[in-house]
2 protein chains.
Amino acid sequence: MTTKAKAKTETAAGAPGDTRTRIVRAASRLMQRQGYDGTGIKQISQEASATLGSVYHFFPGGKQELAVAAIQHGDQEFVEELRHVLGTVEDPAEAMIVLSRRMAEGLRDSDWIDGCPITTTSLGAAGRIPDIQTAAARTFARWRDLVQDKLRAGGIAQEDAYELAHTAISTLEGAELAAQVSRSMEPLEIAGRHLARLITLYK
Amino acid sequence: MTTKAKAKTETAAGAPGDTRTRIVRAASRLMQRQGYDGTGIKQISQEASATLGSVYHFFPGGKQELAVAAIQHGDQEFVEELRHVLGTVEDPAEAMIVLSRRMAEGLRDSDWIDGCPITTTSLGAAGRIPDIQTAAARTFARWRDLVQDKLRAGGIAQEDAYELAHTAISTLEGAELAAQVSRSMEPLEIAGRHLARLITLYK
DNA sequence: TTCTGGATAGAGCGTTCGTTCTAGAGGAGA
DNA sequence: TCTCCTCTAGAACGAACGCTCTATCCAGAA
């Protein structure tokens with residue numbers, strides 16, 4: 001009631017189909033597949049059933065601001081997948097196998113087009129656009145932290161857990177990339193087994 | 001002397017500065033940094049000190065053909081680095097540590113812009129352009145084969161060597177990506193140590 | 001010398017890019 | 001009813017895109 005604006009969608013309700021959300025989702029999906037430069041604002045607005053005016057209304061910072069939001073959306077998506085697997089499978093080593101298999105299946109089911117939700121978006125642009133580099137770095141750190149906590153909870157020493165979490169994320173990332181490019185689940189399946197084996201060494 | 005044409009540059013000498021080579025090198029370097037869609041043909045021709053006419057003379061297939069040549073160039077570049085390290089360091093496990101450190105140093109020395117020579121080029125385009133996906137897949141397979149041979153020579157069984165080579169390439173790839181995005185050598189250094197540890201398990 | 005074909009040179013094509021701008025629709029509060 | 005403000009709508013701009021095209025250069029063959 002003061003002059004300060006209310007939360008933007010307080011009255012209109014932040015429904016899942018609300019325009020801003022549709023735009024972010026479309027941007028995230030398209031950039032995941034085609035990269036930052038390969039995806040146009042107009043394509044995003046069409047895919048989101050929104051107009052150019054709406055896009056620039058919600059993202060006055062233009063394509064760069066939209067890309068950062070898309071990365072954060074992809075981040076959150078994988079955080080939920082990660083939380084689900086780590087929360088379901090008790091043994092951290094076993095969890096790596098389950099995780100890699102699920103990633104492989106998701107990749108195959110999308111006909112090898114939906115890889116890591118943030119790598120493609122950020123790779124070509126990170127060198128030119130600092131905000132995108134920062135957002136991508138924060139994402140990796142977040143994923144690593146989740147794995148690290150799981151390893152600690154599994155009885156692994158802090159320093160070992162820290163390093164293993166680094167390698168777990170790196171290896172899964174690289175294996176997903178290799179799997180996508182070679183259109184085969186094998187790199188991810190092998191990576192899962194090796195990560196499990198590596199983790200059991202530190203228990 | 002027959003009607004069959006001689007090798008194109010037989011007389012003109014395939015000097016390192018020859019136009020076609022300069023174009024491929026510029027394309028490879030630029031696409032490595034900016035991706036397929038982020039790199040323009042005109043930018044490549046300027047960087048190579050060539051003209052648009054020359055580019056389309058040597059690459060009538062246009063940007064796609066040029067991108068494939070750029071990937072093969074990047075492939076060859078890393079093959080030489082790989083051959084050098086694997087040929088110098090006798091122990092395969094130790095070789096992984098040396099390799100990852102050299103990759104980390106190269107990345108840092110380029111101020112974190114020169115990552116994997118083919119990932120950025122191929123990621124956004126592989127889904128749309130089959131030739132690029134195929135070239136990237138062949139590249140990964142080639143790198144893996146070199147590592148696999150080294151592991152075999154180090155006394156590791158065929159099946160184990162096959163799988164370890166997969167994980168070695170995946171992990172190095174992912175760690176380079178993480179290192180680039182977080183502007184830190186740590187992911188690569190940790191990856192090298194873990195790969196070495198993993199390899200010694202199979203000896 | 002004349003001829004030939006690889007290589008260089010760059011103007012210009014149609015298209016798409018990211019962005020800006022003005023206009024209007026729709027709902028809440030006075 | 002009138003006002004205000006968020007959000008929708010899309011035409012239009014200059015720049016850059018990939019690519020085509022014609023013209024020219026020049027070394028070696030005839």
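Naming: A, B, ... by sequence-line order, numbering from 1 per chain.
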If I take atom [atom1] in residue [X] and atom [atom2] in nucleotide [N], what distance separates them, rounded to the nearest angstrom?
X     : N      : atom1 : atom2 : answer
B/F59 : D/dT20 : CZ    : C1'   : 18 Å
B/Y56 : D/dC17 : OH    : P     : 11 Å
B/H57 : D/dC26 : NE2   : C1'   : 14 Å
B/M31 : D/dC17 : CE    : P     : 12 Å
B/F58 : D/dC19 : CZ    : P     : 18 Å
B/R20 : C/dA7  : CZ    : P     : 10 Å

Contact list for DNA chain C against residues 45-53 of chain B - heavy-atom distance below 4.0 Å: B/T51, B/L52, B/G53
Separation of B/L66 CG from B/T121 OG1 (nearest 0.5 Å): 10.5 Å
Contacts of B/R193 that satisfy salt bridge (Lys or Arg N to Asp or Glu O under 4.0 Å) - sequence neighbours left out: A/E163
Scan side-chain atoms only and decide if [X] and [Y] contain a donor-acceptor pair under the 3.5 Å cut-off.
X     : Y      : value
B/S28 : B/H73  : no
A/D18 : A/T21  : yes
A/Q34 : B/R128 : no

A/S54 side-chain N/O to D/dA9 phosphate OP1/OP2 under 4.0 Å: no
Which residues share a side-chain contact (heavy atoms from CB on, under 4.5 Å) with B/D75, sequence neighbours left out: B/V79, B/T139, B/R142, B/W143
Residues within residues 33-43 of chain B bordering DNA chain D, heavy-atom distance below 4.0 Å: B/T39, B/G40, B/I41, B/K42
Proximity to the side chain of A/K63 - top-ranked nucleotide from D/dC19, C/dT8, C/dT19: C/dT19
Can you give the donor-acceptor pairs under 3.5 Å from side chains of residues 55-63 of chain A to other protein atoms, not counting sequence neighbours?
unit_1	atom_1	unit_2	atom_2	d
A/K63	NZ	A/Y36	O	2.9
A/K63	NZ	A/T39	O	2.9

All pairs passing side chain to side chain donor-acceptor pair (under 3.5 Å) where residues 94-107 of chain B contributes a residue, at least two apart: B/E81-B/R102
B/R29 with B/E47: basic N within carboxylate O range, under 4.0 Å: yes
